[in-house]
Amino acid sequence: MDRASADHAVSIVAPDGEQTSRFLVTHHASGLRTLVKRLVKAGVVEVGIERPDGPIVDALRAAGLVVFVIPPGQLKNLRSRYGSAGNTDDRFDAYVLADVVRTDRRRLRPPLVDQPATTALRPLTRARKALLAHRIAVADQLRAHLQICFPGAVGLFADIDSQISPRFLQRFGTQERADRLSIKRWTAWLTSVGHRGRTPAQTLHERLTGAPRGATGPAGDTAAAVTAAFVATLRAINAQIDALAARIAEQLALHPDAPIFTSLPRAGTLRAARLLTEIGDTRGRFPTADSLACLAGVAPSTRQSGKIRALGFRWGADKQLRDALCDFAGDSVKANPWAADLYRRARDRGHDHPHAVRVPARARTNIIWACWTTPTPYDPSRHHALQRVLNQDQSAAA
């Protein structure tokens with residue numbers, strides 16, 4: 001069956017490949033009940049679908065049907081088996097999914113379902129990640145706007161999306177308001193908002209007065225309205241990110257696998273939660289560390305034709321899992337000598353930053369997989385490669 005936003009195309013195929021029924025159901029409770037009833041009445045026991053989640057999958061599994069997930073990328077390639085046009089049609093895709101379940105049953109595996117604690121935590125971590133991307137986009141728009149109408153506010157603080165920058169723009173959002181800021185008033189305002197930055201008030205005053213002047217008068221008032229809109233959006237996003245972070249920490253503390261992921265170096269709470277939810281808690285999903293590395297896209301893909309053999313980037317991967325693993329590995333480079341050594345040697349070989357980060361990420365999968373399957377929290381003293389690097393550093397220092 002092929003999923004859509006309003007209705008879903010369903011195709012039922014007989015064992016000989018003949019399509020016996022084709023119909024549409026609406027995306028409502030009554031439509032899902034009709035779907036299950038007609039499938040069961042037709043004797044269907046296995047269903048092919050594009051996505052592994054949502055009310056449809058829940059309804060099919062509750063009825064005892066076996067669900068096979070065929071991702072959109074695979075479906076796109078499978079269309080060429082049934083026609084040369086390559087056009088997208090929901091009814092045709094429903095037939096392709098049904099017939100592939102019939103012909104390629106031995107290659108398909110039902111997706112393994114995680115425990116409720118993991119499935120409840122996953123949307124929180126993904127929503128927070130999406131809000132972080134939205135914050136970056138709004139911050140870029142605000143920065144571009146200020147560079148035209150109020151350049152002095154752009155480089156005033158370290159980040160335009162930090163906690164202090166929106167508060168400054170809310171209080172002194174125009175050039176005329178900022179002109180009234182003396183060093184004494186700077187000091188008083190920083191104290192009133194509880195700013196603990198290491199940049200003194202005099203330096204901030206010099207940055208503001210040394211920048212090109214912004215718009216004043218009616219043009220400045222108009223620009224201030226736009227600034228206020230961006231600032232309000234940015235503060236709202238920051239508030240929701242903080243709320244999600246608190247909820248993630250609360251649920252992670254109750255998860256049985258939390259000690260495994262929080263023990264990883266520099267994983268903290270939020271990175272640990274994201275790793276946990278993207279890897280899952282069903283151990284049968286990854287029988288080997290290589291299977292985890294390949295799905296995460298941190299292991300290279302081998303391409304061979306004749307005498308030519310090359311290793312390249314693995315495009316077919318779980319992008320959410322790859323992003324979580326590379327984010328963790330990239331940050332662990334800052335504090336872990338072993339990971340830093342892997343990253344440095346990769347850079348010395350001429351790899352760019354994303355490629356060099358995937359090198360320690362690939363090595364990290366072996367450690368994460370071993371801790372995950374045991375299950376045992378990470379212990380640096382038992383990490384022989386790390387201890388070897390530490391001993392080499394101590395010998396070099398001596």
Side-chain angles (χ1 to χ4, degrees), residues 123-250 268-271 273-274 323 327 330-331 334 353:
L124 293 175
T125 59
R126 290 186 176 181
R128 182 182 175 275
K129 175 64 178 177
L131 285 180
L132 290 174
H134 285 305
R135 184 173 70 180
I136 293 173
V138 174
D140 289 342
Q141 291 174 311
L142 175 60
R143 186 181 296 106
H145 167 69
L146 291 175
Q147 285 175 345
I148 297 174
C149 66
F150 191 9
V154 175
L156 199 57
F157 300 99
D159 298 306
I160 199 70
D161 56 351
S162 61
Q163 295 294 332
I164 187 64
S165 291
R167 301 188 70 173
F168 171 81
L169 292 172
Q170 188 178 26
R171 179 67 178 84
F172 308 101
T174 64
Q175 182 67 56
E176 293 172 338
R177 295 179 190 172
D179 288 342
R180 294 194 289 267
L181 274 172
S182 62
I183 298 178
K184 184 177 180 180
R185 288 184 175 180
W186 260 114
T187 305
W189 180 78
L190 292 174
T191 303
S192 66
V193 297
H195 181 58
R196 300 180 179 179
R198 288 177 290 184
T199 305
Q202 182 175 355
T203 303
L204 294 174
H205 183 264
E206 292 174 354
R207 291 176 182 176
L208 185 61
T209 55
R213 289 187 58 78
T216 58
D221 294 337
T222 302
V226 178
T227 302
F230 282 127
V231 168
T233 304
L234 201 57
R235 298 190 71 174
I237 293 176
N238 281 332
Q240 296 306 314
I241 289 174
D242 294 340
L244 287 178
R247 188 67 179 271
I248 290 170
E250 178 184 346
T269 300
L270 300 175
R271 281 195 176 95
R274 191 153 181 248
D323 186 70
D327 176 64
D331 192 67
K334 303 175 183 177
H353 173 71

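Here, residue 1 is the first one in the sequence, and each next residue gets the next number.
- Side-chain contact between L146 and L169 is present, with heavy atoms from C-beta onward closer than 4.5 Å.
- Within 6.0 Å of CD on Q202 lie no more than 12 heavy atoms contributed by other residues, nucleotides or ligands.
- Scanning all heavy atoms of the two residues, the minimum distance from A211 to G152 falls at CB-CA, 3.4 Å.
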Intermediate values then yes/no, side chain to side chain contact (heavy atoms under 4.5 Å, CB included), D179 and R213: CA-CA 10 Å; D179 288 342; R213 289 187 58 78; 2.8 Å; yes
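- Each of L124, T125, L132, L131 was evaluated against R128; a single residue qualifies, L132, per the side-chain contact (heavy atoms from CB on, under 4.5 Å) test.
- Smallest separation of non-hydrogen atoms from P212 and Q175: O-OE1, 4.3 Å.
- To the nearest 0.5 Å, the span separating CZ on F168 from CG on L208 amounts to 5.5 Å.
- No donor-acceptor pair under 3.5 Å is formed between the side chain of H205 and the backbone N or O of R185.
- Here the closest non-hydrogen pair linking A178 and F150 is CB-CZ, 3.6 Å.
- W186 pairs in a side-chain contact (heavy atoms from CB on, under 4.5 Å) with only one of the listed residues (L181, T203, T191), which is L181.
- For the salt bridge (charged side-chain N to carboxylate O under 4.0 Å, His left out) test, residues two or more places apart in sequence or in another chain that qualify with R271 are D327, D331.
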Please output the side-chain donor-acceptor pairs of residues 238-249 that fall under 3.5 Å, not counting sequence neighbours, one pair per line with the distance.
unit_1, atom_1, unit_2, atom_2, d
N238, OD1, R135, NH1, 2.9
N238, ND2, L234, O, 3.4

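- Rounding to the nearest 0.5 angstrom, the gap separating the NE2 atom in H195 from the CD atom in Q163 is 11.5 Å.
- A 4.5 Å side-chain heavy-atom check between D323 and K129 finds at least one atom pair inside the cut-off.
- Contact check for T227 versus L142: side-chain heavy atoms found under the 4.5 Å cut-off.
- Considering all non-hydrogen atoms of both residues, R177 and R171 come closest at CD-O, 3.7 Å.
- In this structure, CD1 in I160 is found 14.0 Å from CD1 in I136, a value given to the nearest 0.5 Å.
- At least one donor-acceptor pair closer than 3.5 Å links the side chain of E176 to the backbone N or O of G217.
- Side chain of R207 to backbone of L156: a donor-acceptor contact under 3.5 angstrom is found.
- With rounding to the nearest 0.5 angstrom, the CG atom of L204 is 6.0 Å from the CG atom of L190.
- Formation of a donor-acceptor pair under 3.5 Å by the S165 side chain with backbone atoms of D159 is found in this model.
- Nearest heavy atoms, F230 versus H145: CE1-CB, 4.2 Å.
- Shown here for G214 and P151, the closest heavy-atom pair between the two residues is CA-CD, 3.8 Å.
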